[in-house]
Amino acid sequence: MIQDRLANLIKQAYTAAFSDEERDKISADEIQIETPSNPEHGDFACNIAMQLAGELGANPRQIAEELIANLPADSLVRRVEVAGPGFINFHLSPQWLYEVLANCLSQGEVYGCSNVGAGQKVQVEFVSANPVGPIHIGNARGGPFGDTLANLLETAGYEVQREYYLNDAPSNTQLQIFGASVQSRYLQQLGEEVDFPEEGYHGDYVVEVAQELVDEYGEKYRDVPRNTEGALFFFDLVKDRMIEQLRSDCAAMGISFDVWFSETKLHEEGLVQQQIDQLLKSGAAYEKDGAVWLRTGQYGDEEDRVLVRRDGAPTYIASDIAYAADKFYTRGFDRVIYVWGPDHFGYVPRMKAALAAMGIGIERAEFIIYQTVRFLEGGKPLSLSKRRGDIITIRELIEDIGRDAVRFFFLMRSVDAHLDFDLDLARQQSAENPVYYVQYAHTRLCGILREAEEAGYLGDAVAGQGCSSHGKKEADLSLLTHPDELALLRKLADYPAEVLRATQELSPHRLPHFARELAQAVHQFYTNCRVLDCNNPELSRARLKLVKGARIVLANILGLMGITALERM
RNA sequence: GCGCCUGUAGCUCAGUGGAUUAGAGCACCGGACUUCGGAUCCGGGUGUCGGGGGUUCGAAUCCCUCCAGGCGCGCCA
């Protein structure tokens with residue numbers, strides 16, 4: 001990237017201008033090359049002189065002058081100047097943008113990729129909703145987020161695995177309640193007047209699942225006792241259906257997991273007990289009041305937490321410890337990213353403490369808590385509860401506004417921010433959706449390329465046919481001088497750094513914003529720069545290159561977001 | 001009560017140490033096409049960046065404090 005090239009120039013100038021002693025004051029890695037918001041301030045700027053001023057106790061403008069005096073020559077750098085309090089502004093030759101375009105065209109779908117990950121193994125665990133109902137709009141946010149984050153990490157050269165953690169262990173009280181709900185509905189279908197569990201799941205899908213059981217088994221399970229065992233029995237009857245439902249719901253969002261990891265497996269293989277024994281042995285856990293406790297209080301948590309209840313059942317954190325051991329030890333991930341819903345917020349400190357107690361460096365685990373999504377309908381917030389049954393499934397939402405729009409909207413906001421989702425607006429305005437704006441830009445470029453091919457602009461056409469007498473000469477990119485052409489080229493140039501930043505900051509929400517800006521540059525170019533022009537074949541060919549490059553970048557960023565790049569709409 | 005997230009234009013939100021004019025979309029008003037798809041483009045903004053204090057050459061951004069909204073604080077997951 002050009003930024004690296006400029007930073008390297010500064011680094012060389014810095015080495016030349018200052019003594020070793022002074023040089024130690026700041027590390028060369030800290031050189032930041034940024035894009036000035038005001039174009040008059042050049043194509044790139046560096047603030048190193050101001051940073052050095054504090055360290056060296058010298059005038060920042062003077063430092064900047066010295067750096068510039070020692071700056072090696074570079075064919076792409078046309079002018080360098082000190083500005084304002086001590087910025088070093090780089091004014092580049094337009095040639096750099098043409099090189100960017102050539103680079104983009106030759107790289108194609110890998111334009112924007114990097115190797116900062118260097119093959120490190122990263123796991124992204126997300127969604128992981130309990131298998132007690134379909135994915136719905138309340139727990140779906142982590143889906144597009146985690147999937148796009150995984151895409152970004154892959155782009156940056158990490159080896160990525162997408163994982164869904166299935167809380168299917170019998171000790172999960174949610175499962176017991178759900179199983180009891182299914183059992184009640186089953187008996188009701190058989191004509192019995194039974195009460196419904198107080199905290200039960202009221203969704204229609206429970207009735208449907210119960211109906212399936214009646215269809216399949218008839219009255220066979222009428223006499224199953226109505227207790228915990230019975231509830232778990234009913235859960236087992238429907239478990240596979242529930243998981244299949246989750247799988248297909250995720251698929252509907254365009255998400256496919258590499259691994260569906262079963263909590264039950266951890267128990268069955270004795271891994272939970274194994275970890276508990278280990279922690280007891282190492283002293284990180286102890287027995288008190290008939291329960292087993294983990295010394296999370298010593299590792300940053302507010303207090304110690306129970307690992308094994310007095311009744312002998314392991315708590316969820318015991319499972320998660322075994323699960324973490326599997327991730328970090330057995331499968332050897334360098335990094336694990338947990339994407340959790342807001343209800344898990346209070347769980348982060350104890351999980352970190354647990355990892356610390358296990359001797360796993362907490363820098364290897366990252367916890368991302370996405371904030372709640374508030375859905376508005378008729379101007380009022382919906383109160384959605386899985387248990388009351390007034391849910392909107394992700395499928396219904398996708399049917400309403402389409403998968404692409406669903407993904408785009410969920411991605412649009414920072415996960416730290418609460419997301420307001422106006423359902424009326426999403427339905428009514430589907431044609432005004434920003435995702436259409438971006439997709440339309442791609443479509444328009446495809447239209448030009450189709451047209452160019454038919455009219456013989458693309459290279460090999462026979463001379464004398466229509467507008468095609470251009471031979472095979474290389475396009476002269478230096479003909480691209482229109483402000484809208486330069487602005488679009490600049491967007492293409494900015495793309496790799498943007499992808500890198502979104503990856504490093506784990507901020508997929510930067511992508512929809514950048515995509516919209518890129519689309520805007522495309523639409524402006526389209527409006528003001530006629531591409532196919534018989535009277536100006538040289539310019540046409542240069543512009544066709546730009547069209548191809550812009551299409552590539554649009555397709556790449558849409559691909560990262562898991563949104564289709566349409567050739568026609 | 002404690003902890004975390006959030007507070008930026010009418011609405012929804014970017015920007016999280018940089019440039020005496022803090023940006024975008026939506027909404028609203030007014031314009032633009034005899035040629036590549038008008039799902040487009042152009043123009044129109046008097047904002048206490050929640051309030052106050054501090055750090056810094058420089059603060060929407062960092063620190064302290066207060067206010068408001070959301071969420072979390074179980075031998076539930």
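In the text below, chain A, chain B and the rest are named by the order of the sequence lines, each starting its count at 1. If you're wondering where the values come from, they're calculated on a predicted model, not measured in any experiment. Just the heavy atoms: all of them, side chains too, but no hydrogens, waters or symmetry mates, feed the values below.
Pairing of G1(B), defined by two Watson-Crick or G-U wobble distances under 3.5 Å, is identified with C73(B). Pairing of A39(B), defined by two Watson-Crick or G-U wobble distances under 3.5 Å, is not identified with any nucleotide. When both distances must be under 3.5 Å, the Watson-Crick or G-U wobble mate of G45(B) does not exist. With a cut-off of 3.5 Å on both pairing distances, the Watson-Crick or G-U wobble partner of A68(B) is U6(B). Base-pair partner of A24(B): U12(B) (Watson-Crick or G-U wobble, both distances under 3.5 Å).
As rounded to the nearest Å, C29(B) and G10(B) have C1' atoms that lie 15 Å from one another. The separation of G23(B) from G18(B), taken at their P atoms, amounts to 14 Å, rounded to a whole angstrom. Comparing the same atom, P, in G25(B) and in G45(B) gives a spacing of 14 Å after rounding to whole Å. Spacing of P atoms, A22(B) relative to C57(B), comes out at 23 Å, to the nearest Å. U8(B) and U16(B) have their C1' atoms separated by 12 Å, with the value rounded to a whole Å. Comparing the P positions of A59(B) and G52(B) gives an interatomic distance of 15 Å, to the nearest angstrom. Rounded to whole Å, the separation between the P atoms of G7(B) and C11(B) comes to 15 Å. Nucleotides C4(B) and C42(B) place their P atoms 44 Å apart, quoted to the nearest Å.
The aromatic ring of F87(A) is stacked on the base of A19(B), with the two ring centres less than 5.5 Å apart and the planes inclined by under 30°. Both thresholds, 5.5 Å between centres and 30° between ring planes, are not jointly met by H509(A) relative to the base of A14(B), so the two rings are not stacked.
H418(A) comes within contact range of at least one nucleobase, with a heavy-atom separation under 4.0 Å. Looking at heavy-atom distances under 4.0 Å, R305(A) makes no contact with the nucleic acid at all. Within 4.0 Å (heavy atoms only), R501(A) reaches sugar-phosphate atoms of the nucleic acid but no base atom. Using a 4.0 Å heavy-atom distance criterion, T443(A) is classed as a base contact. Residue P342(A) is classed as a sugar-phosphate contact, given heavy-atom separations below 4.0 Å to backbone atoms only. Counting non-hydrogen atoms under 4.0 angstrom, C529(A) reaches a base of the nucleic acid. D289(A) comes within 4.0 angstrom of a nucleotide base, judged by non-hydrogen atoms across all strands. In this structure, A169(A) reaches neither bases nor backbone, as no heavy-atom distance under 4.0 Å exists between it and the strands shown. Residue-level contact check: Q439(A) touches neither bases nor backbone, having no heavy atom under 4.0 Å from any strand. Among the atoms of the strands shown, none is found under 4.0 Å from any heavy atom of A313(A). Counting any heavy atom pair closer than 4.0 Å across all strands shown, A291(A) reaches a base atom. Using a 4.0 Å heavy-atom cutoff across all strands shown, R310(A) reaches at least one base atom of the nucleic acid.
Taking 3.5 Å as the limit, the base of A19(B) and the side chain of N89(A) contain a donor-acceptor pair of atoms between them. Side-chain atoms of D343(A) stay outside donor-acceptor range of the base of G72(B), with no qualifying N/O pair under 3.5 Å.
The residue among E505(A) and N172(A) whose nearest nucleotide of RNA chain B lies closer to the 5′ end is E505(A).
Relative orientation of the F367(A) and Y338(A) rings is parallel, given thresholds of 30° and 60° on the angle between their planes. Between Y323(A) and Y165(A), the two ring planes are parallel [angle under 30°; tilted spans 30° to 60°]. Using a 30° and 60° split on the angle between ring planes, H344(A) and W340(A) fall in the tilted class, from 30° to 60°.
For F145(A) and F410(A), the ring centers are positioned 6.0 Å apart or more. For Y201(A) and F178(A), the gap between ring centers is short of 6.0 Å.
Residues Q371(A) and V415(A) form no side-chain contact, since every pair of their non-hydrogen atoms from C-beta on lies 4.5 Å or further apart.
For the pair R490(A) and F44(A), the cation-pi criterion (under 6.0 Å, within 45° of the ring axis) is fulfilled.
The phosphate of C42(B) has OP1 or OP2 within less than 4.0 Å of a side-chain N or O from Q524(A). Contact check, Y370(A) against G70(B): no side-chain N or O comes under 4.0 Å of OP1 or OP2. For the OP1/OP2 pair of G38(B) and a distance below 4.0 Å, the side-chain nitrogens and oxygens of Y526(A) include at least one atom meeting the criterion. Taking only side-chain nitrogens and oxygens, R444(A) never comes nearer than 4.0 Å to OP1 or OP2 of A39(B).
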